[in-house]
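Following: one structure in structure tokens, then a few remarks.
Indexing begins at 1, ligand by ligand and atom by atom, following the structure's order. Keep in mind that this is a model prediction, so the values were computed, not measured.
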Amino acid sequence: MGEREAQGEERISRREFLKLMAAAGTVLSFTPFIDWGKFMPRAASGRIEKVAVELPDGTQANVKTFPTNHAETVIYPKTGDRVLDQEPFRVWKIVRLPEEMGGASNDASAFRCYSDVCLHLWCLWNYFPDEKKKRGECPCHGSIYDMRTGKAIAGPAFFQSPPANLLPRLDLEVDSQGYLWILPPTFSLEKNGIIGFGRFEKGVNA
Ligand code: FES
């Protein structure tokens, strides 16, 4: 572990850790057992390569056809096993930002891909494209997420301390034909984040 990552982990307060454990106890009683060892991509288990952003209809997302101010659900990492692929911690939302937020660009900057697991108590949030919203909202207790950054801007997740106020994200790439790809993530707090717990990003959490 790098020095920076170690510092990041030290910033998790005991209170936040206990809260996470409490949340885990609550949620895991309602969700199938998650085999974390199989779930998290590991460099040691083989070479991790970029994978296509596969939409629910089985096609690969493309900047030429993906509407602005629109979101789709993406499963990552996908196993091909119907039950495993329904685990909430594999669910992500890919969002093409509204035009006024930069969504008109024909490159990866127009897109965001965030974990769909709310940072409060792990419900799945939804994207609301309505003119007055254009944001992510959790149906359980009303946490609201800014799609430009993934930061909670209202609701209980907003009041949580960093890193538990910023959604984990996947980094994207667009190829010469406009197809979208997910770059290999590093699931640490200082990089792509930890699903269900959060992410540090300098200048964004605070
Ligand atoms: S679980 Fe999302 S606001 Fe509580």
Per residue His120, nearest N, O or S atom to atom 4 (Fe) of ligand 1 is named ND1
Looking at His141, the N/O/S atom that lies nearest to atom 4 (Fe) of ligand 1 is called ND1
Going by the 4.0 angstrom heavy-atom rule, the piece of Pro156 near ligand 1 is side chain
* Asked: Parallel, tilted or perpendicular: which describes the rings of Tyr76 and Phe187, with under 30° parallel and over 60° perpendicular?
  -> tilted
Quick check: are there more than 12 heavy atoms from other residues, nucleotides or ligands sitting under 6.0 Å from CD of Glu99? no
the protein heavy atom lying closest to atom 1 (S) of ligand 1 turns out to be Leu121 N, 3.2 Å
Exercise. Can you check whether Cys118 and Cys138 have SGs under 2.5 Å apart?
Worked result: no
Here the atoms of ligand 1 under 4.0 Å from any heavy atom belonging to Ser143 are 3 (S)
Are Ile144 and Phe158 packed together at the side-chain level, in the sense that at least one heavy-atom pair is separated by less than 4.5 angstrom? no
Under 4.0 Å from one or more heavy atoms of Cys123, ligand 1 contributes atoms 1 (S)
Between Lys93 and Asp116, does at least one N-O distance fall below 4.0 Å, as a salt bridge requires? yes
Within the 4.0 Å heavy-atom cut-off, what Cys118 brings close to ligand 1 is side chain
Subject >> Donor-acceptor side-chain pairing of Thr79 and Asp85 below 3.5 angstrom >> reply: yes
So the atoms of ligand 1 within less than 4.0 Å of a heavy atom of Cys138 turn out to be 1 (S), 2 (Fe), 3 (S)
